[in-house]
2 protein chains.
Amino acid sequence: MSVIGKPVLYSYWRSSCSWRVRIALNLKEIPYDIKPVSLIKAGGEQHSNEYRDVNPMEQVPALHIDGHTLVESLNILHYLEETRPQRPLMPHDFIKRSKVREICEIIASGVQPLQNLIVLIHVGEEKKNEWAQHWITRGFRAIEKLLSASAGKYCVGDEVTLADCCLIPIDRELENHPAFRAAHPSNQPDCPPEATK
Amino acid sequence: MSVIGKPVLYSYWRSSCSWRVRIALNLKEIPYDIKPVSLIKAGGEQHSNEYRDVNPMEQVPALHIDGHTLVESLNILHYLEETRPQRPLMPHDFIKRSKVREICEIIASGVQPLQNLIVLIHVGEEKKNEWAQHWITRGFRAIEKLLSASAGKYCVGDEVTLADCCLIPIDRELENHPAFRAAHPSNQPDCPPEATK
């Protein structure tokens, strides 16, 4: 048995942190296997003793690659970029690279940790929507302002970068968030019926 | 007036995110000026209109350098590493680089956002200690496990890296956190008086 084989991604289908790594693997055309970790089944398979050995943070994703297990999604993205330079997801220019990282970091440390499942459970059923909305709004206002200076066709310039890998999953996830769905123009009492068609 | 002068760090003395950037600037011997932003005065100077133009996330640090303003502390650390390679703070080996980023990311996205000032205000006076302790304990257990595999003299191997820049400030900050101070062996009712001397 070879230690180094096809990379294995520990992933949950709905997790936006897993999603961003899947996008990068796909863009770089790196074949990989998925090992699903259900964040829901049996109180969360990420809390099992077996998975805690994979990722002591008890979160997805984790990537087994090149004989090592890597955790933390932004770290995984940068590892892929450093070791698989095909289809680059970072610009060459230092300032542009910095602008990509700013967007990734705001999502990964300013938005995501405050609205992920384990935190919402801790905040409690009653307050969780208001809580999530508060932090998401703050983060996205900042991202919007940064994008107004950096964006071309994509988040930073005209090429897809790691910033897009991070932004798209969380944007799509938010579309389905109850607080955001309820606030959508088409769900307002004064929205004319013809506008929802 | 030249646009490009000495870097200016928007910083608050107690902020662990500012602190990690100060360590890197000092290790790399980059002269810089500090522009203090009090997170306490006048409801927090980081929320002023003037500062929101510097950092739309309304947080410290921000670094004005090379004619640009950079935000998000890990991004700033990596920018300094990319543009000021003297006194490297990242290893060459890809796996070791990844281990440095893992520790940085766990601190920056797994611990820091859940226990910083603005979140604790939102959690409320009554619950804030229990809340902070919960997330910090989870993050530090994971870091401890990662360090047991990666550490030499420092977090990753025998050279100071960005992981140490991130770990030391938060470790020192925690020493003074009421929940951690109260839980310290020397503050236990069954601690023998001779042990506290």
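The figures here come from the full heavy-atom set of this structure, side chains too, leaving out hydrogens, waters and symmetry mates. Chain letters run A, B, ... following the sequence lines, proteins first, then strands; residues in each count from 1.
The existence of a salt bridge linking B:Glu102 and B:Lys99 is confirmed by a sub-4.0 Å separation between a basic side-chain nitrogen and an acidic carboxylate oxygen. Ion pair B:Lys153/B:Asp164 not flagged as a salt bridge, since none of the NZ, NE, NH1 or NH2 atoms sits closer than 4.0 Å to an Asp/Glu carboxylate oxygen. One finds no salt bridge joining A:Arg84 and A:Glu81 here, because no Lys/Arg side-chain nitrogen approaches an Asp/Glu carboxylate oxygen to under 4.0 Å. Taking a cutoff of 4.0 Å between a charged side-chain nitrogen and a carboxylate oxygen, B:Glu58 and A:Arg138 do not qualify as a salt bridge.
Chain B forms the most heavy-atom pairs under 4.5 Å with one residue out of A:Ile106, A:Thr83, A:Asn55, and that residue is A:Ile106. With respect to chain A, the highest number of heavy-atom pairs below 4.5 Å among B:Ile76, B:Ile95, B:Leu74 belongs to B:Ile95. When each of A:His78, A:Gln112, A:Arg141 is scored by its heavy-atom pairs under 4.5 Å with chain B, the top score falls to A:His78. Annotation: maximal heavy-atom pairing with chain A below 4.5 Å, among B:Glu144, B:His134, B:Lys127, B:Arg52, occurs at B:His134.
A distance-only check finds no donor-acceptor pair linking the side chain of B:Asn75 to the backbone of A:Arg101 [under 3.5 Å].
Contacts between A:Gln59 and chain B at a heavy-atom distance below 4.5 Å involve the side chain alone, from C-beta outward.
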